[in-house]
Amino acid sequence: MATETVKILKAHIAIHVQDVTRSIDFYRKLFGIEPSKVRAGYAKFDVANPPLNFTLNETAVLERGNLLHMGIQVASTADVMTVRERWQESGLLTRDEMKTECCYAVQDKTWVHDPDGNEWEVFAVLEDNLPEMPL
């Protein structure tokens, strides 16, 4: 049985997209960086903060899978607003939810959609571990 600690470098998310060029433009704005690798039907973003290996994989027929949404948790509402401002300045359309109950917590968040309809949120947890409400 191995007992060595594994140093995790970063999470990896790979998504299917209909048009990799259009998606590169969106994710360039979302992450604020250029892709580290671009090939026919493929692009990779090596995001430093948060550590993420994020890839776009073009497919001719796109069927939505079970992915609900993706998100970036930040420390404060001020951080949410800073990211929102950067996204808006990049031309992304944002939708805010402030002091909303989600995942048994109170959160401030803002949302964007990529060209294929995948939702991204940036959020701060204001209050956590809210009780479950009876049905």
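Every heavy atom of this structure was used, including side-chain atoms; hydrogens, water molecules and symmetry mates were not. We count residues from 1, following the sequence as given. Owing to the predicted nature of the structure, the values given are computational and were not obtained by experimental measurement.
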Taking every non-hydrogen atom, the tightest pair across [X] and [Y]:
{"X": "Ala124", "Y": "Ala75", "value": "CB-C, 4.4 Å"}
{"X": "Trp120", "Y": "Gly71", "value": "CE3-N, 4.0 Å"}
{"X": "Asn57", "Y": "Ala14", "value": "ND2-CB, 3.7 Å"}

Quick one: does [X]'s side chain have a donor or acceptor within less than 3.5 Å of a partner on [Y]'s backbone?
{"X": "Asp116", "Y": "Asn118", "answer": "no"}
{"X": "Glu97", "Y": "Lys109", "answer": "no"}
{"X": "Thr55", "Y": "Ala43", "answer": "no"}
{"X": "Arg86", "Y": "Lys29", "answer": "yes"}
{"X": "Asp79", "Y": "Val74", "answer": "no"}
{"X": "His113", "Y": "Glu119", "answer": "no"}

Working note: Thr110 + Phe123, criterion side chain to side chain contact (heavy atoms under 4.5 Å, CB included); need CA distance, chi angles, decisive distance, verdict.
CA-CA 7 Å; Thr110 192; Phe123 68 98; over 6 Å; no
Applying side chain to side chain contact (heavy atoms under 4.5 Å, CB included), run through Phe26 and Leu92 and close with a yes or a no.
CA-CA 8 Å; Phe26 173 84; Leu92 301 180; 3.5 Å; yes
Applying side chain to side chain contact (heavy atoms under 4.5 Å, CB included) to Leu56 and Ile24, what does each step give before you reach the verdict?
CA-CA 8 Å; Leu56 307 171; Ile24 286 171; 4.0 Å; yes
Kindly indicate whether the side chain of [X], heavy atoms from C-beta on, has any atom under 4.5 Å from the side chain of [Y].
{"X": "Leu52", "Y": "Ile13", "result": "yes"}
{"X": "Arg28", "Y": "Pro35", "result": "yes"}
{"X": "Val112", "Y": "Leu30", "result": "yes"}
{"X": "Val17", "Y": "Thr59", "result": "no"}

Regarding [X] and [Y], does a basic nitrogen lie under 4.0 Å from an acidic carboxylate oxygen?
{"X": "Arg84", "Y": "Asp96", "answer": "yes"}
{"X": "Glu121", "Y": "Arg95", "answer": "no"}
{"X": "Asp46", "Y": "Lys10", "answer": "yes"}

Identified side chain to side chain contact (heavy atoms under 4.5 Å, CB included) counterpart of Gln107 within the set Val125, Val80, Thr77
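With Gln107 as partner, Val125, Val80, Thr77 yield a single side chain to side chain contact (heavy atoms under 4.5 Å, CB included), made by Val125.
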Side-chain heavy atoms nearer than 4.5 Å, only ILVMFWY residues, links allowed to pass through others: does that put Val47 and Tyr42 together?
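No, separate clusters.
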Do the ring planes of His69 and Trp111 sit parallel (below 30°), tilted (30 to 60°) or perpendicular (above 60°)?
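His69 and Trp111: perpendicular rings.
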Parallel, tilted or perpendicular: ring planes of Phe54 versus Phe31, cut at 30 and 60 degrees
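Correct class here is perpendicular.
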If you apply the rule side chain to side chain contact (heavy atoms under 4.5 Å, CB included), what do you find for Trp87 with Val122, and how did you get there?
CA-CA 11 Å; Trp87 286 352; Val122 62; 3.9 Å; yes
